[in-house]
Amino acid sequence: DGGITQSPKYLFRKEGQNVTLSCEQNLNHDAMYWYRQDPGQGLRLIYYSQIVNDFQKGDIAEGYSVSREKKESFPLTVTSAQKNPTAFYLCASSLDFEETQYFGPGTRLLVL
Amino acid sequence: DAKTTQPTSMDCAEGRAANLPCNHSTISGNEYVYWYRQIHSQGPQYIIHGLKNNETNEMASLIITEDRKSSTLILPHATLRDTAVYYCIVRLPSGNQFYFGTGTSLTVIP
């Protein structure tokens, strides 16, 4: 059953703590993306990766980091430098950079 | 970088067709029109996309005007499960992201 999985569904972060959000896909897609969504707003691009071992900053990359060591996986780390991390985080993938993006179920991050 | 304009909210009676409009008056010749929807607290779901011609799939129909400055997404027989926020997006094939605005909140009424 192909698709995109994100875990956990809910994540709590303490002040000054780094947390990592998981995104896995078994669709054999080359490109993967991370978006952030705040309440009542649209999506904003954090980072994207066109291919393994390559990634680029999106519009709001400050305070975030990513890696792309495997085609199937694109984890996002929310660092302590991100001062307002509370949001709904969405991972997406596409066959290649020009194709339709498909989204995972999302992870909601809350700061304690 | 909003390139589309959509009504904030709409209602539709269950079983009737839902027609969701979108204006994209500055669209360029090679930009596609995409539609996604997002049910509360879930990831966006791809619905349909098109360039010039009208398109239809198992979920919906997309009608694009001849001048391509506007389009309409049609859900032929709306159900309660179609209640969601619907996003209209224009995108170059080589574009690195989908610009999701605030969309149209569609409520299907029993």
Side-chain angles (χ1 to χ4, degrees), chain A residues 2-11 21 23-25 27 29-51 54-61 87-110, chain B residues 1-9 20 22-24 28-51 55-60 62 73 81 84-107:
Chain A
I4 303 171
T5 57
Q6 292 186 242
S7 62
K9 187 172 183 178
Y10 295 95
L11 186 60
L21 284 62
C23 177
E24 303 278 333
Q25 53 96 3
L27 301 168
H29 285 175
D30 279 326
M32 297 186 74
Y33 313 80
W34 274 105
Y35 291 87
R36 168 182 172 139
Q37 187 175 34
D38 293 285
Q41 299 190 24
L43 279 66
R44 292 183 291 168
L45 184 68
I46 304 172
Y47 269 97
Y48 64 97
S49 168
Q50 295 188 59
I51 201 165
D54 176 75
F55 50 83
Q56 304 294 330
K57 292 181 179 180
D59 294 334
I60 56 165
F88 189 44
Y89 290 87
L90 289 155
C91 178
S93 71
S94 59
L95 188 61
D96 61 38
F97 199 52
E98 298 183 357
E99 293 295 324
T100 299
Q101 293 181 21
Y102 296 92
F103 287 80
T107 292
R108 191 166 299 279
L109 176 62
L110 300 167
Chain B
D1 196 9
K3 294 185 176 182
T4 64
T5 304
Q6 299 177 253
T8 302
S9 64
L20 291 90
C22 180
N23 287 320
H24 31 79
S28 62
N30 56 350
E31 283 186 311
Y32 283 78
V33 179
Y34 278 79
W35 283 85
Y36 283 78
R37 72 181 183 185
Q38 187 175 25
I39 296 170
H40 183 62
S41 293
Q42 297 183 23
Q45 177 188 22
Y46 166 76
I47 301 174
I48 199 167
H49 75 282
L51 183 62
E55 303 286 345
T56 296
N57 63 20
E58 65 277 6
M59 288 183 67
L62 173 60
L73 178 75
R81 286 176 293 181
V85 177
Y86 288 77
Y87 297 97
C88 169
I89 302 155
V90 294
R91 176 182 181 245
L92 285 167
S94 58
N96 66 347
Q97 66 176 295
F98 286 80
Y99 286 100
F100 284 74
T102 52
T104 296
S105 177
L106 175 69
T107 301

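These numbers come from a predicted model, not from an experiment. In what follows, chains carry the letters A, B, and so on, assigned in the order in which the sequence lines appear, proteins first and then strands, with residues in each chain numbered from 1.
The choice from A:Ala31, A:Pro105, A:Gly106 that makes the most heavy-atom pairs within less than 4.5 Å of chain B is A:Pro105. If you tally non-hydrogen atom pairs under 4.5 Å between each of B:Gln45, B:Gln42, B:His49 and chain A, the highest count goes to B:Gln42.
In this structure, the separation between OG1 on A:Thr100 and CD1 on B:Ile47 is 12.0 Å, given to the nearest 0.5 Å.
Heavy atoms of A:Gln6 lying under 4.5 Å from chain B are absent altogether. For B:Ser41, the parts lying under 4.5 angstrom from a heavy atom of chain A are both the backbone and the side chain.
Taking each heavy atom of B:Thr102 and A:Gly40 in turn, the nearest pair found is CG2-O, 3.8 Å. Scanning all heavy atoms of the two residues, the minimum distance from B:Arg91 to A:Glu99 falls at NH1-O, 3.7 Å. Residue A:Leu43 comes nearest to B:Pro44 through the heavy atom pair CD2-CG, 4.1 Å, listed as atom of the first residue, atom of the second, then distance.
Using a 4.5 Å cut-off on side-chain heavy atoms (C-beta onward), B:Ile89 and A:Gln101 make no contact.
The ring-ring contact (aromatic ring centres under 6.0 Å, His included) search around A:Tyr89 returns A:Tyr64, not counting sequence neighbours. With sequence neighbours left out, the side-chain contact (heavy atoms from CB on, under 4.5 Å) criterion links B:Ser28 to B:Asn30, B:Glu31, B:Leu92.
Formation of a donor-acceptor pair under 3.5 Å by the B:Tyr87 side chain with backbone atoms of A:Gly42 is not found in this model.
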